[in-house]
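Comments concern the structure below.
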Amino acid sequence: MYSVADIHAPQVLAQEDDFLVLYKPPRMHSAPLGESAECLLSWCAGHYPEVGRLGGRSPGEGGLIHRLDYETQGLLLVARTPGGMEALLSQQREGRFMKEYRALCGTMELGPETAALEGFPAPPEWAASGKIVSAFRAYGRGRRAVRPLPEGRELYKTEIIDRIDLDLSTFSYTLRLTRGFRHQVRCHLAWIGRPILNDPLYGGRNEGRGLLGLRATALEFTHPQGAQSLRYEIPGLNFVEV
């Protein structure tokens with residue numbers, strides 16, 4: 001497990017010839033947004049220029065293998081070489097790239113009437129099984145949010161692997177993903193009535209310092225140059241940090 005010295009500052013936690021494991025602080029973009037160049041990718045490229053020279057999944061994304069939301073903190077994987085990037089993206093496409101999150105959640109009643117008003121369908125019965133699966137659609141002003149669709153061509157799964165009841169209205173969830181969609185964890189937890197703390201976009205109540213109660217805590221993948229299985233992990237959230 002790696003330690004994070006300052007949760008508000010970007011850090012390089014591990015480096016290999018083909019990739020870097022970074023810590024992204026909350027309220028920092030993963031990649032450039034519009035004309036703003038202040039992001040984790042530009043910070044990283046300032047120290048490791050080869051990261052910025054890679055073609056990227058999309059223009060301007062350099063060696064980023066995946067993203068985190070602006071408000072979300074935690075682990076990001078960045079490629080340093082074309083070969084490393086292709087190998088890691090291939091694992092991602094094949095569902096062999098695993099991400100874990102820790103979320104601090106509250107409660108929200110989502111009965112059929114309330115859910116419809118908020119743009120959520122009523123969650124299906126299987127949502128209580130620990131596997132939340134849906135497609136997504138854009139929602140709201142400026143399409144800033146997403147909403148789940150119980151059926152669709154592209155389905156995304158959020159697996160709940162642990163839950164701790166902190167009190168009668170606050171819960172800690174550990175979640176696992178192999179494929180990710182924008183706001184997936186935030187939307188899926190709100191869908192089952194457990195919105196993340198300090199997430200006004202999805203109904204989370206305010207708590208503590210006002211930071212989003214979501215941290216990307218672990219990455220698992222195979223080394224780009226061999227069969228070695230790798231896991232990188234940082235501690236989960238607590239109320240002092242939220």
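Counting from 1, the numbers follow the sequence of the chain as shown. No hydrogens, no waters, no symmetry mates; every other heavy atom, side chains included, goes into these values. Predicted model only: the values in this text are computed from it and were never measured.
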Handout entry: Electrostatic pair E61-R67, nearest N-O below 4.0 angstrom
Key = yes
Problem - Residues, nucleotides or ligands: over 12 heavy atoms within 6.0 Å of R182 CZ - result: yes
Problem - Under 3.5 Å side-chain donor-acceptor pair for R205 and T170 - result: yes
Problem - Donor-acceptor pair, side chain of N198 and main chain of E207, under 3.5 angstrom - result: yes
Practice task
Report yes or no: is the cationic atom of R186 (NZ for Lys, CZ for Arg) closer than 6.0 Å to the six-membered ring centre of Y202, at no more than 45° off its axis?
Solution key: no
Exercise for the section: Answer with yes or no whether the side chains of Y156 and H188 bring together a donor and an acceptor at under 3.5 Å. Expected result: no
Exercise for the section: Over 60° means perpendicular and under 30° means parallel, so classify the ring planes of F181 and F136, tilted if in between. Expected result: parallel
Practice task
Flag yes if more than 12 heavy atoms outside R143 fall under 6.0 Å of its CZ atom; otherwise flag no.
Solution key: no
Exercise for the section: Compute both the distance and the angle, then confirm whether R194 meets the cation-pi test with F171: under 6.0 Å from the six-membered ring centre, within 45 degrees of the axis. Expected result: yes
Exercise for the section: Measure up the H29 and Y70 rings against each other and bin them: parallel (under 30°), tilted (30 to 60°), perpendicular (over 60°). Expected result: tilted
Problem - Sub-6.0 Å ring centroid separation between H66 and F97 - result: yes
Exercise for the section: Using a strict 4.0 Å threshold on nitrogen-to-oxygen distance, state whether E220 and K99 make a salt bridge. Expected result: no
Practice task
Return each pair, listed once, that meets salt bridge (Lys or Arg N to Asp or Glu O under 4.0 Å) where at least one residue sits in residues 3-20; pairs must be two or more places apart or across chains.
Solution key: none
Exercise for the section: Flag yes if more than 12 heavy atoms outside E94 fall under 6.0 Å of its CD atom; otherwise flag no. Expected result: yes
Practice task
Might you confirm whether atom CG of L168 has over 12 heavy atoms from other residues, nucleotides or ligands at distances under 6.0 Å?
Solution key: no
Handout entry: Intermediate values then yes/no, side-chain contact (heavy atoms from CB on, under 4.5 Å), R215 and E241
Key = CA-CA 10 Å; R215 177 178 288 175; E241 293 165 332; 3.2 Å; yes
Exercise for the section: May I ask you to test the L75-T217 pair for a side-chain heavy-atom distance under 4.5 Å? Expected result: no
Practice task
Could you tell me whether the side chains of E86 and S90 share a donor-acceptor contact shorter than 3.5 Å?
Solution key: no
